[in-house]
Amino acid sequence: MTVTDPADGRDWSGKAAQAEAVAAADPSLALGVRVYDDPEELAVRLGESRLTTVLRPEFTEDMGSAVFHRPDTVLAPAVTEELWAAGRVVAHTFRPGVPHFANGTVKDGLFVLTDCWRCFTLPEREHWALTSVINPAPDSATTGLLARRLRQLPGAIGLPDGPLHLEVVVDADEVAVVKFLPRVAAYPLPELCALLGVEGQASDRPYDSYRDIGFAGDYSFRVPHPGRLTGIEDLPGLRERPSFAADELIPEPGEWLEPGANESAQMTFLLRHSDEFTIHADVEHYQHRHRQGVFRLATS
């Protein structure tokens with residue numbers, strides 16, 4: 001999808017253009033991205049690197065498009081083909097921290113944070129699969145940090161007034177912008193705002209103005225390999241966790257399930273609780289069960 005600023009016709013859908021704009025506007029928010037248009041040159045650089053490198057196709061929107069290349073490894077041909085399918089590849093040294101989505105509105109060049117979401121992931125071959133998002137408390141240090149550090153960014157870049165969706169990495173008191181798009185965040189973030197009871201990007205109400213809203217999120221399980229579903233391990237037990245709110249997606253026995261894209265899921269729960277420790281404990285429980293495997297699959 002192409003996202004264009006109607007004011008000057010600039011296309012913001014490419015990660016190279018986004019990284020260049022962030023680096024020029026505020027180097028402290030930049031990841032130090034390099035852009036490659038030659039597969040052989042990139043392969044040589046990866047072979048020489050002693051650090052983990054994060055690679056993304058220049059044009060994709062999903063978080064799961066990132067590929068993690070570790071020293072002394074070679075990417076599978078299918079992964080390399082996927083990386084180069086959209087044209088150029090952007091790369092940067094792995095940045096420690098916790099991924100977050102930061103959503104808001106821009107007015108007169110200033111960003112108002114309306115909702116934000118901490119991401120939980122699990123390693124999946126060369127990728128890290130997104131499994132869950134949970135909102136931080138409106139009065140948390142993370143919320144304050146995102147609101148403060150991203151406040152001036154749209155004006156410095158020249159982004160238009162309107163909605164803005166960002167993916168960032170938070171590490172202590174540092175924030176790095178992975179990518180951004182001047183649009184409303186996609187599913188499930190608006191739906192989770194509704195579950196949480198906040199207006200999100202539907203208004204310009206600052207997220208830190210809310211009080212006692214509690215915590216909401218989701219958890220998505222993915223199959224490790226293709227197969228026909230014969231059952232789900234202890235589905236009632238998964239639903240008995242304190243923060244379980246509802247089924248969002250449950251596969252039926254007999255369905256043929258495949259891993260699919262890195263943000264696709266085969267089973268998703270909605271979560272809601274007033275206590276942060278409880279909902280995070282439930283996510284950790286689901287992460288453990290996910291690693292063990294919850295789907296019983298037949299190969300034919």
Side-chain angles (χ1 to χ4, degrees), residues 63-64 95-103 113 115-124 127-147 167-175 185 187-198 200 207-208 210-224 231-251 259 262-296:
M63 179 179 175
R95 179 79 169 258
V98 180
H100 284 72
F101 295 122
N103 302 321
L113 182 73
D115 58 287
C116 52
W117 307 89
R118 174 182 174 177
C119 302
F120 296 80
T121 60
L122 284 178
E124 190 175 87
H127 300 276
W128 284 81
L130 178 65
T131 56
S132 177
V133 296
I134 303 291
N135 63 294
D139 61 354
S140 67
T142 296
T143 295
L145 177 66
L146 292 174
E167 180 185 325
V168 302
V169 174
V170 178
D171 183 23
D173 60 351
E174 296 184 355
V175 177
Y187 170 88
L189 302 184
E191 289 77 8
L192 292 179
C193 282
L195 180 63
L196 187 62
V198 304
Y207 181 60
D208 62 8
Y210 291 96
R211 296 291 181 269
D212 303 322
I213 57 174
F215 303 89
D218 64 356
Y219 193 89
S220 293
F221 293 89
R222 294 163 48 81
V223 293
I232 299 171
E233 297 288 348
D234 190 24
L235 180 57
L238 294 174
R239 288 169 167 157
E240 286 175 357
R241 301 301 300 183
S243 61
F244 173 83
D247 294 332
E248 176 73 356
L249 172 66
I250 301 292
N262 294 306
E263 287 191 22
S264 66
Q266 288 71 48
M267 182 169 72
T268 301
F269 299 147
L270 296 179
L271 311 177
R272 183 83 170 91
H273 206 279
S274 60
D275 180 65
E276 185 173 20
F277 175 83
T278 299
I279 195 169
H280 280 254
D282 286 347
V283 168
E284 180 54 40
H285 176 80
Y286 290 141
Q287 294 278 68
H288 175 69
R289 292 292 304 277
H290 200 154
R291 286 187 288 262
Q292 290 183 317
V294 299
F295 300 104
R296 295 196 295 271

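The nearest pair of heavy atoms linking Cys193 to Gly200 is SG-CA, 3.9 Å. Annotation for Ala102 and Cys116: closest pair CA-CB, 4.3 Å, computed over non-hydrogen atoms. Across every non-hydrogen atom of Ile213 and Pro138, the tightest pair is CD1-CG, 3.7 Å. For the residue pair Leu189 and Ala185, the shortest heavy atom distance occurs at CD1-CB, 3.9 Å. Among all heavy-atom pairs drawn from Pro251 and Met267, the shortest one is CD-CB, 3.9 Å. Heavy atoms only, all atoms of each residue included: Leu113 and Ala147 are closest at CD2-N, 4.0 Å.
You'll find the side chain of Leu145 reaches within 4.5 Å of the side chain of Val175, heavy atoms only. Taking 4.5 Å as the limit, every side-chain heavy atom of Thr143 sits out of range of all side-chain heavy atoms of Asn135. In this structure the side chain of His290 reaches within 4.5 angstrom of the side chain of Thr131, judged on heavy atoms. Residues Glu174 and Arg95 have side chains in contact (heavy-atom distance under 4.5 Å, counting atoms from C-beta outward).
Panel note: side chain His127, backbone Ala129; no donor-acceptor pair is recorded below 3.5 Å. Although no hydrogens or angles enter the test, the distance criterion places no donor-acceptor pair under 3.5 Å between the side chain of Glu124 and the main chain of Leu130. For His273 (side chain) and Leu271 (main-chain N/O), no donor-acceptor pair under 3.5 Å exists by modelled atom type. Side-chain atoms of Thr268 do not come within 3.5 Å of backbone N or O of Leu249 as any donor-acceptor pair. Put simply, the side chain of Asp218 gets close to the backbone of Val133: a donor and an acceptor are under 3.5 Å apart. Between the side chain of Arg272 and the backbone N or O of Leu195 there is at least one donor-acceptor pair closer than 3.5 Å.
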Report the C-alpha distance between Glu248 and Arg239 in whole Å, list the side-chain angles of each, state the deciding distance to 0.1 Å, and finish with yes or no for salt bridge (charged side-chain N to carboxylate O under 4.0 Å, His left out). CA-CA 12 Å; Glu248 176 73 356; Arg239 288 169 167 157; over 6 Å; no
Begin from the C-alpha positions of Glu191 and Leu270 and carry the test side-chain contact (heavy atoms from CB on, under 4.5 Å) through to its verdict. CA-CA 10 Å; Glu191 289 77 8; Leu270 296 179; over 6 Å; no
Verdict with reasoning, Tyr219 to Asp282, per side chain to side chain donor-acceptor pair (under 3.5 Å): CA-CA 9 Å; Tyr219 193 89; Asp282 286 347; over 6 Å; no
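Between His285 and Phe244, the ring center distance fails the sub-6.0 Å criterion.
Rounding to the nearest 0.5 Å gives a distance of 8.5 Å between CH2 of Trp117 and CG of Asn103. Taken to the nearest 0.5 Å, the CG atom of Leu146 stands 6.5 Å off from the NE2 atom of His100. With rounding to the nearest 0.5 Å, the separation of CD1 in Ile250 from CG in Leu235 is 5.5 Å. Atoms NE2 and CD, from His280 and Glu284 in turn, are 11.0 Å apart once rounded to the nearest 0.5 Å. A distance of 14.5 Å separates CG in Leu122 from OH in Tyr286, rounded to the nearest 0.5 Å.
Classification of the Phe221-Phe269 ring pair by plane angle, with boundaries at 30° and 60°, yields perpendicular.
Surrounding CZ of Phe277 are at most 12 heavy atoms belonging to other residues, nucleotides or ligands under 6.0 Å away.
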